[in-house]
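Quick notes on the structure that follows.
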Amino acid sequence: MLPPIALSPEHRALLDGPVDERVNRILAEIEAERAEAVDAVKARRIIHFPFTGSQASHAVRDQDGHWHIVKGPPPERDAVAYPL
């Protein structure tokens, strides 16, 4: 257990007062994003792809956030390519 923290009467009054609803809303949003991130990390799987030889391929992410291996050179414009 941690030792008690010495607080001034002004700080104690702030802690004893009600919390603004905006704070609760922001904390709830942060917790939801954290839970979503944890679930995403837990769902990751390593998928081994066969060697493509000399054929060019790259990874693309679809609108749902899923990654796909696509044969051919990466697109030139409006895309972020992750060469393999």
Side-chain angles (χ1 to χ4, degrees):
M1 180 165 221
L2 298 173
I5 299 172
L7 297 174
S8 68
E10 179 183 359
H11 290 142
R12 174 53 85 185
L14 286 173
L15 290 176
D16 288 338
V19 176
D20 190 313
E21 276 301 311
R22 294 174 293 181
V23 173
N24 288 332
R25 180 181 48 82
I26 292 168
L27 289 174
E29 289 174 10
I30 291 171
E31 176 57 27
E33 290 175 3
R34 186 199 65 80
E36 184 179 337
V38 167
D39 291 343
V41 168
K42 287 180 181 178
R44 300 275 184 217
R45 296 185 312 258
I46 297 174
I47 301 172
H48 298 284
F49 293 95
F51 178 71
T52 59
S54 62
Q55 200 171 16
S57 62
H58 62 281
V60 295
R61 182 179 262 178
D62 65 16
Q63 293 175 343
D64 297 325
H66 300 107
W67 288 95
H68 302 278
I69 302 298
V70 179
K71 292 182 181 178
E76 297 274 327
R77 143 180 200 268
D78 294 332
V80 176
Y82 299 91
L84 299 175

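For CD of E21, the number of neighbouring non-hydrogen atoms (other residues, nucleotides, ligands) closer than 6.0 Å is 12 at most. Heavy atoms from other residues, nucleotides or ligands lying under 6.0 Å from CD of E29 number more than 12.
Judged by distance alone, with hydrogens and angles left aside, the side-chain atoms of D20 form a donor-acceptor pair with the main-chain N or O of R22 at under 3.5 Å.
L27 shares a hydrophobic cluster with V19, V23; the chain of contacts runs through ILVMFWY side chains whose heavy atoms sit under 4.5 Å apart.
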In a table with atom names and distances, give each donor-acceptor pair under 3.5 Å that connects a side chain of residues 4-12 to protein atoms at least two apart or in another chain.
residue : atom : partner : partner atom : Å
S8      : OG   : H11     : N            : 3.2
S8      : OG   : H11     : ND1          : 3.2

